[in-house]
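Quick note on labels: first sequence line is chain A, next is B, and so on, each numbered from 1.
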Amino acid sequence: MKQMESVMNSSALEELDDAIHSLSQPMTALLFAVEMASLRTTPEQIQDALNTARTECRRAVSELERVRDAAARLHTGGAR
Amino acid sequence: MRVMVVEDDTALSLFLKKALELEGHTVRVVADGVSAVEGIQEDMPDLLVLDLGLPQMDGVDVLRTLHDCVASMSILVLTGRSQLSEKIECLELGADDYLLKPFSMYELLARCKAIGRRRMGSAAGVLQCAGLRMDRIQRTVSYQTVMLEFTSKEFTLLEYLLLQKGRAVSRRELLQNVWQMSPDAGTNVVDVYVNYLRRKLGAVGASGLVQTMRGEGYGIAAKDKGDLPRFNTAAVAAGFHAALEVA
């Protein structure tokens with residue numbers, strides 16, 4: 001039983017690790033989008049940069065959901 | 001520098017490309033490990049920006065596969081995982097530096113700059129191209145058998161162009177790396193100094209060595225044979241590298 005629990009925990013940990021890794025992609029893109037927006041000068045360019053930042057924010061939010069799910073699974077001992 | 005970005009996340013690869021181009025680098029992007037290995041074997045970049053989590057062949061396997069040529073280029077590894085063992089493995093396989101995601105665009109650019117400085121510092125003591133020979137230790141330059149006299153700034157400019165041989169170097173990049181000025185500084189100092197170089201090189205029959213690439217900057221063609229490099233004028237319009245292939 002203990003062995004089974006440990007296997008489930010390790011799988012949940014792996015899932016959490018993957019989810020954090022996936023979250024880091026839109027977070028980096030978001031940071032770049034914001035930093036690049038500060039270099040823009042015309043209202044159109046700024047609007048474009050904001051739209052890109054919004055897209056990356058949405059992507060980050062959906063990856064954050066994966067992190068939450070994986071963390072919840074870890075709390076419940078790896079059960080789905 | 002000529003940079004290859006290996007990143008499978010489309011949005012992020014686009015940002016990386018834009019940011020590196022802002023600094024005057026020439027950037028090509030590939031999205032998987034196999035394309036990276038093929039691309040590097042075909043045309044080795046000065047700097048490889050390598051994500052570790054890649055489809056087909058991951059970043060660590062790319063480093064293993066390229067084991068024989070990693071010493072010839074600089075490598076900056078990007079990853080979303082913070083395991084120490086992975087970090088050590090990459091550095092042992094030849095990576096120069098390591099960035100953990102998420103990271104700032106400014107940190108990426110600063111690290112690339114530091115890698116570029118180290119690369120220049122460890123470059124060969126003697127640079128040669130088409131009969132021109134620069135001894136970086138003795139700080140002497142000769143063309144065939146004739147010794148040439150350059151001022152300190154002219155020497156540094158010629159040295160930078162020789163180190164970047166084979167690619168167009170923008171005025172912005174030269175301002176930043178030769179004059180340590182802002183790339184946006186409104187000055188024609190680069191053009192003035194390129195003219196000084198050409199005048200001195202022209203006096204010994206090497207006036208065609210430093211080429212103007214319209215819209216891109218200046219460059220020295222990657223050709224080590226006795227003849228001066230020649231560019232096909234039609235091909236010049238299609239870009240510096242296309243012109244090199246025709247020469």
Q | A:Ser11-A:Arg73 side chain donor-acceptor pair, cut-off 3.5 Å | A | yes
Q. Chain A heavy atoms under 4.5 Å from B:Leu100: which part of the residue, side chain, backbone, both or neither?
A. neither
Q | Contacting region of A:Leu39 [heavy-atom separation from chain B under 4.5 Å] | A | side chain
Q. Picking from B:Leu52, B:Leu12, B:Thr79, what satisfies side chain to side chain contact (heavy atoms under 4.5 Å, CB included) with B:Lys101?
A. B:Leu12
Q. Side chains of A:Glu56 and A:Gln25: do they bring a donor and an acceptor to under 3.5 Å?
A. no
(Q) Under a 4.5 Å cutoff for heavy-atom pairs, which residue among B:Ser104, B:Ala11, B:Gly53 has the most contacts with chain A? (A) B:Ser104
Q | Toward chain A, the part of B:Gln83 with a non-hydrogen atom under 4.5 Å | A | side chain
(Q) With rounding to the nearest 0.5 angstrom, report the CD to CD distance, B:Glu154 to B:Glu159. (A) 13.5 Å
Q: Check the surroundings of atom NZ in B:Lys153: do more than 12 heavy atoms from other residues, nucleotides or ligands lie under 6.0 Å from it?
A: yes
Q | Contact leader toward chain B among A:Glu35, A:Met27, A:Met36, where contacts are heavy-atom pairs under 4.5 Å | A | A:Glu35
Q | Atom group of B:Leu14 that falls short of 4.5 Å from chain A, counting heavy atoms | A | neither
**Q.** Contacting region of A:Thr52 [heavy-atom separation from chain B under 4.5 Å]
**A.** side chain
Q | For the student: nearest non-hydrogen atoms of B:Thr212 and B:Arg198, plus distance | A | OG1-NH2, 2.6 Å
Q. Counting heavy-atom pairs under 4.5 Å to chain B, which of A:Val34, A:Asp17, A:Ile20, A:Thr55 comes out on top?
A. A:Asp17
